[in-house]
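Per chain, numbering begins at 1; letters A, B, ... match sequence-line order.
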2 protein chains.
Amino acid sequence: MLQANSCRSCAIRHTGICSGCGANDLRLLEKARYIRSYDAGQPIAWCGDRMEFVASVMHGSVSLSQTMKDGRNQMVGLLMPPSFLGQPGQESSPYDVVAVDYTVLCCFCRNQFGDLMKEFPHLTDRLLEMSLRELDAARQWLLVLGCKLAREKTASFLAVLASREAVAKALPRTRRIAFDLTISREAIAACLGLTMETVSRQITALKNDGIIQLKSARRIVVPDVNRLLREAGDVPAAPDEGDRAISAIA
Amino acid sequence: MLQANSCRSCAIRHTGICSGCGANDLRLLEKARYIRSYDAGQPIAWCGDRMEFVASVMHGSVSLSQTMKDGRNQMVGLLMPPSFLGQPGQESSPYDVVAVDYTVLCCFCRNQFGDLMKEFPHLTDRLLEMSLRELDAARQWLLVLGCKLAREKTASFLAVLASREAVAKALPRTRRIAFDLTISREAIAACLGLTMETVSRQITALKNDGIIQLKSARRIVVPDVNRLLREAGDVPAAPDEGDRAISAIA
DNA sequence: CGCAGAATTGATACATCTCAAGCTGGGTGG
DNA sequence: CCACCCAGCTTGAGATGTATCAATTCTGCG
């Protein structure tokens, strides 16, 4: 898992920060990169720590969160492949960064990556694209936190995961979709601005109403994503429409 | 106000998207740009509308908001000079875009601006910088919406405006700061995920506690920003520290 | 002066949090 | 193989913060 396979066969070769690179550029990137892996729950950086690197998330997922003095905390980003972690111009991490899953990062020394961006403008272009996408996702998430009820928040969260799964497996979005929750109820609560107990109650309620099924506490089946989206307070996307709601949260 | 003064004397010449431009580049930008102005409350685009242009906010302020079918709505961005409005690669607006104030925009035909970015990479660099800053602001805002109580939310909002005013007037952040609320209680509520009534109550409470003074409903005086920040649940920034909290919301 | 929109204030309803008590399932050691 | 244990999850009852609905009161402006 950890070994440095060739960039050419990398899972995010055509979707990550490097997707605009030709074969030659890629060789230079490959020389500069190094792989790091983290176990589930392992911290990558605490808020204020110096960030030595920026990285692509190759596998797993990484949470960005903020904590207040009294312990209240809010997840503000959930990065999954092929998201990019860190900002070239940013000395220290503004967030607590934690590996949620077993996670593999493709890292670049931060300053060196800045130089690479100068050398290969398409890296800058791509980072801009990805950042604007993240920005839209964060703004979608603001709607969830600011306006929605607990049931709608929970449904929104599950809909995001279901839609992601559908995209990953190239399933039609109307078909039954099954996936694993890789994060605890508590982490979901931190995403949604709720408590663990409320999340648990809402998941149970959605199950009782037949919107979802629970194979186990962490295994979810969604018979009809559009029904789930309706519970989330979202207008189900037309079949052929590029779905924006899906991008929310991550 | 509306007339097209020279870029050279523009208020946001050194802070906007064009801040990296030399005199020659600037001349080309100046040929491509056009000025539009909007009255307070006037819509700039509704969600789903085709966006003909991207623009720098030169004067006033622009809100980005989302509305659910049943009327609940959430402001997800509040752009003030020298923020940049729109994304070159984005056909249609994902948000309702409204001029909050009397607002002046420095506009570029969207496709043409894409070409300019190819021609002048520093435009791309600068847009990336500004977008990453917006992303951090949005994430700060997620903390406010997800974790904070009504009083803390309200204090956070006022602290942002106060700090912005302090920066604009180059005041020390510990001194007394006065500013106008350019938006209604209802708009503040839409920012904070609260109702108008709750915002009103919290402002009154902050006044009664001596945290702020009200010269009129729209005129605020903050005797001590650090005290306000403490009410907001934020750790007051050290005097010499680059203040991140300030960037929240806008 | 008087009006209309904005803001404030009050009383009640409701959603979610809090605190506390069980439950469940996977792992460990006897 | 079973009893135990523990962390994660679920469920319950009461407290709390905010929304809702309904009156006023303020403010700017014609």
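- Rounded to a whole Å, the CG atom of Leu194(A) is 20 Å from the P atom of dT16(D).
- On a pure distance criterion of 3.5 Å, no polar donor-acceptor pair joins the side chain of Arg151(B) and the base of dG17(D).
- Distance CD1 (Ile203(A)) to P (dG8(D)): 15 Å, rounded to an integer number of Å.
- A donor-acceptor distance shorter than 3.5 angstrom exists from the side chain of Glu152(B) to the backbone of Leu149(B), with no hydrogens or angles considered.
- Applying the salt bridge (charged side-chain N to carboxylate O under 4.0 Å, His left out) criterion to Asp70(B), with sequence neighbours excluded, gives Arg72(B).
- Atom CG of Leu181(B) is separated from atom C1' of dT27(D) by 15 Å (rounded to the nearest Å).
- dG17(D) atom P lies 14 Å from atom NZ of Lys153(B), rounded to whole Å.
- Across all strands shown, Arg72(B) has no heavy atoms under 4.0 Å from either base or sugar-phosphate atoms.
- Checking the phosphate oxygens (OP1, OP2) of dT18(D), no side-chain nitrogen or oxygen of Thr198(B) falls inside 4.0 Å.
- Screening Ile183(A), Ile203(A), Val144(A), Val199(A) against Phe157(A) for a side-chain contact (heavy atoms from CB on, under 4.5 Å) leaves a single residue, Ile183(A).
- For the pair Arg219(A)/Leu214(A), no side-chain contact is recorded, criterion being any heavy-atom separation below 4.5 Å from C-beta on.
- For the pair Leu149(A) CG and dT18(D) P, the computed distance is 15 Å after rounding to whole Å.
- Within the 4.5 Å cutoff, the side chain of Ile12(B) has heavy atoms near those of the Ser56(B) side chain.
- Taking 3.5 Å as the limit, the base of dC9(D) and the side chain of Glu197(A) contain no donor-acceptor pair of atoms between them.
- Taking 4.5 Å as the limit, some side-chain heavy atom of Arg164(B) sits within range of a side-chain heavy atom of Val160(B).
- Between the CZ atom of Arg201(B) and the P atom of dA19(D) there is a distance of 9 Å, given to the nearest Å.
- As judged by a 4.0 angstrom heavy-atom cut-off over every strand, Ser184(B) is placed among residues touching the sugar-phosphate backbone only.
- Read 5' to 3', the first and last nucleotides of DNA chain C with an atom closer than 4.0 Å to a heavy atom of chain B are dA6(C) to dA11(C).
- Picking from dT20(D), dT18(D), dT11(D) the nucleotide with the shortest atom distance to the side chain of Gln202(B) gives dT18(D).
- Each of dA22(D), dT18(D), dT10(D) was ranked by its minimum atom distance to the side chain of Met196(A); first place goes to dT10(D).
- Looking only at side-chain heavy atoms (C-beta outward), Met68(B) and Leu143(A) come within less than 4.5 Å of each other.
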